[in-house]
There are 2 protein chains.
Amino acid sequence: MSETLWAQVARDLTAGITTGRFPIGSLLPTELELCEHYGASRHTVRTAIRQLQDQGLVSRKKKAGTRVEAAAPTSGYRQSLASLEDLIQFGVAHIRTVQETAEVTADASLAAELGCEEGTRWFRISSLRLDGRPGGAPIGWTDVYIDPTYADLGDVVRASPDVLITTLIEQRYGRRSAEIRQDVDAIALPAVRAAALQAKPEAPALRIVRQYLDEKGKVFEISSTIHPAGRFTVSQRLRRMYENGHA
Amino acid sequence: MSETLWAQVARDLTAGITTGRFPIGSLLPTELELCEHYGASRHTVRTAIRQLQDQGLVSRKKKAGTRVEAAAPTSGYRQSLASLEDLIQFGVAHIRTVQETAEVTADASLAAELGCEEGTRWFRISSLRLDGRPGGAPIGWTDVYIDPTYADLGDVVRASPDVLITTLIEQRYGRRSAEIRQDVDAIALPAVRAAALQAKPEAPALRIVRQYLDEKGKVFEISSTIHPAGRFTVSQRLRRMYENGHA
DNA sequence: GGCACTTTTATGTTCGGACATAAAACTCCT
DNA sequence: AGGAGTTTTATGTCCGAACATAAAAGTGCC
């Protein structure tokens with residue numbers, strides 16, 4: 001008795017995926033079918049499937065079934081975001097001065113920018129990012145969109161100008177970001193932001209849109225930041241990751 | 001009935017840890033005690049504890065019990081570059097049409113752009129990135145700088161317009177990238193590139209500079225790509241990573 | 001045809017019980 | 001005291017069953 005039953009099932013399913021017996025995009029047999037096939041209880045089969053799910057090999061949805069997402073455990077490059085500097089890079093932890101808050105409904109244009117459904121309601125917190133020196137031009141302008149039920153965060157955000165809003169939500173509501181999606185592109189600086197950012201309208205600017213997803217894959221926060229050219233650079237270091245998980 | 005029972009238990013235990021009711025190094029109550037305390041089954045309590053374990057908050061050992069290891073979840077995000085789409089995003093695998101090749105020496109301006117020493121000699125391969133449709137405007141302009149000893153790659157690059165230059169170097173010289181550094185910022189489109197990219201000079205553009213380092217940390221390839229606004233977006237997905245390597 | 005409603009179904013949550021296993025704790029003998 | 005063997009105990013594995021829930025699929029009415 002070397003290997004546990006659920007580990008055997010997990011291994012066999014993984015093998016089926018990597019060998020192509022269960023191609024990417026296809027559905028795995030249902031739990032009941034797997035129970036019968038392996039002569040195991042549903043509990044055991046679910047434990048095995050959870051293993052694959054944790055490795056990102058499959059995703060599950062009620063009624064729809066278990067879908068094969070990838071043929072191999074996520075390997076490739078690993079980004080290290082351990083240091084404070086990395087967090088600043090990624091989360092923009094610069095000092096924030098809140099300019100305005102409002103409850104908005106996403107029209108077609110905003111929905112396209114944020115990558116959300118049209119008609120979604122958001123509570124928006126707009127702020128300027130400064131780099132500490134009082135004299136210098138601002139680094140950027142950020143619009144943070146959060147679930148309207150968190151609207152009371154507005155005051156807290158003003159009170160803690162150096163804490164990430166994501167962190168505030170986690171502390172206050174226990175909702176953690178399990179995944180972050182970031183899109184970076186270039187745009188012409190919108191005229192309405194030119195004055196506040198001390199730059200010319202239509203000047204080149206970097207736009208960073210980040211979606212924060214919880215464990216269930218639901219987006220609960222979106223931020224859109226605009227940096228005039230030369231004031232901010234998105235930096236990353238990716239190291240090749242080996243099978244054993246080390247870099 | 002908003003939150004599941006096991007999630008409530010997990011949250012309460014997490015709160016107990018962060019508030020110091022269960023200090024680091026101490027042992028949590030046994031499963032049976034927690035069952036009684038929360039009026040839940042052992043299965044439910046175990047699911048909750050597994051959550052904390054996955055987050056690296058506690059460790060478990062038979063007989064010894066459940067030990068508190070950390071007061072806050074180990075944060076750290078992992079970037080998944082598993083799918084082909086991700087590789088295209090990162091390596092720009094679009095079809096390439098080589099425009100010119102030359103041997104250059106980095107002056108102060110180029111050294112600043114590439115982040116290398118002034119005076120370094122490079123072999124430069126300049127190419128346009130197309131997206132397949134013959135009619136459309138190009139996606140971007142790429143200057144790839146490689147060690148002059150690899151100059152004979154110029155012909156190979158022309159012959160294989162859809163293969164990453166990094167891959168070619170690896171195949172031909174066995175030199176593998178162990179780390180990639182990427183910097184993204186916004187610039188005004190240089191006048192000399194405007195015509196080829198079918199855009200106006202000074203128009204907003206995205207610039208992506210990537211350094212490829214080998215195992216010893218030596219940079220052997222640098223690429224600088226310019227994309228006029230709206231033609232390219234740098235996309236990333238980061239998933240929270242836990243101690244055990246799972247997500 | 002298209003919209004509103006009901007049914008079906010696969011996964012999610014929760015319970016209760018049983019036995020296995022590893023490691024600490026204890027006992028006992030020399 | 002100290003090592004060998006036994007007991008205790010908390011976690012690990014596994015089963016069976018029931019109900020909840022979300023989403024697809026089917027149904028029927030206008």
Side-chain angles (χ1 to χ4, degrees), chain A residues 1-14 16-17 22 25-69 117 174-175 178 213-220, chain B residues 1-14 16-17 22 25-69 243-244 246-247:
Chain A
M1 180 71 67
S2 51
E3 204 179 19
T4 63
L5 219 186
W6 67 261
Q8 285 178 43
V9 175
R11 202 161 44 80
D12 191 63
L13 288 176
T14 304
I17 290 174
F22 302 125
S26 69
L27 295 180
L28 247 47
T30 68
E31 294 179 355
L32 258 20
E33 287 166 344
L34 291 173
C35 288
E36 195 166 346
H37 182 271
Y38 292 107
S41 76
R42 192 156 161 246
H43 181 79
T44 303
V45 167
R46 283 177 63 78
T47 302
I49 294 180
R50 184 175 49 237
Q51 173 96 36
L52 305 204
Q53 199 177 3
D54 286 347
Q55 292 179 19
L57 290 176
V58 301
S59 67
R60 318 196 75 195
K61 221 165 51 173
K62 280 182 187 169
K63 161 72 183 177
T66 306
R67 205 182 108 103
V68 179
E69 297 291 346
E117 294 274 315
R175 202 168 182 185
L213 290 74
D214 63 14
E215 287 81 0
K216 290 174 187 157
K218 185 161 168 51
V219 178
F220 66 94
Chain B
M1 180 69 69
S2 51
E3 202 178 22
T4 62
L5 219 186
W6 68 259
Q8 285 178 43
V9 175
R11 200 159 47 81
D12 190 62
L13 288 175
T14 304
I17 290 174
F22 302 125
S26 69
L27 295 181
L28 248 47
T30 69
E31 294 179 354
L32 258 19
E33 287 167 345
L34 291 174
C35 288
E36 196 165 344
H37 182 270
Y38 291 107
S41 74
R42 190 158 162 243
H43 184 79
T44 302
V45 167
R46 282 177 62 78
T47 302
I49 294 180
R50 184 174 51 235
Q51 172 96 29
L52 305 205
Q53 198 178 4
D54 285 346
Q55 293 179 13
L57 290 177
V58 301
S59 68
R60 319 195 75 195
K61 221 164 50 173
K62 280 180 186 171
K63 160 73 184 177
T66 306
R67 203 182 110 103
V68 180
E69 297 289 347
E243 299 266 319
N244 54 20
H246 289 171

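Residue numbers begin at 1 in each chain, while the letters A, B, ... track the order of the sequences.
Whole-Å rounding puts the E31(A) CD to dT9(C) C1' distance at 12 Å. Atoms CG (L5(A)) and C1' (dA18(C)) sit 16 Å apart, rounded to a whole Å. Look at CZ on R42(B): it is 18 Å from C1' on dA17(D), rounded to the nearest Å. Atoms CG (L27(B)) and P (dA23(C)) sit 15 Å apart, rounded to a whole Å. When the P atom of dG12(C) is taken as reference, atom NE2 of H43(B) falls 12 Å away, rounded to whole Å. For the pair K62(B) NZ and dT8(D) P, the computed distance is 19 Å after rounding to whole Å. Taking atom CZ on R60(B) and atom P on dA23(C), their separation rounds to 15 Å, with Å as the unit. One interatomic measurement links the two molecules: CZ of R67(B) to P of dA24(C), which rounds to 13 Å at whole-angstrom precision.
The listed nucleotides are dG16(D), dA23(C), dC15(C); the one nearest the side chain of A40(B) is dC15(C).
Between R46(B) and dG12(D), a side-chain N or O to OP1/OP2 separation shorter than 4.0 Å is present. The phosphate of dG12(C) (OP1 or OP2) has no side-chain N or O of T4(B) nearer than 4.0 angstrom. For dA10(D), the OP1/OP2 oxygens have no side-chain nitrogen or oxygen of T30(B) closer than 4.0 Å. Neither OP1 nor OP2 of dA10(C) sits under 4.0 Å from any side-chain N or O of T66(A). Residue T47(A) places none of its side-chain N or O atoms closer than 4.0 Å to OP1 or OP2 of dC14(D).
Residues E69(A) and R67(A) are in side-chain contact: their nearest non-hydrogen atoms beyond the backbone lie under 4.5 Å apart. The shortest distance between side-chain heavy atoms of L13(A) and L57(A) does not fall below 4.5 Å. Residues V58(A) and I17(A) are in side-chain contact: their nearest non-hydrogen atoms beyond the backbone lie under 4.5 Å apart. The side-chain heavy atoms of Q8(B) and Y38(B), taken from C-beta on, include no pair separated by under 4.5 Å. Within the 4.5 Å cutoff, the side chain of L32(B) has no heavy atoms near those of the E36(B) side chain.
In terms of position on DNA chain D, the residue among G65(B) and G39(A) whose nearest nucleotide sits closer to the 5' end is G65(B).
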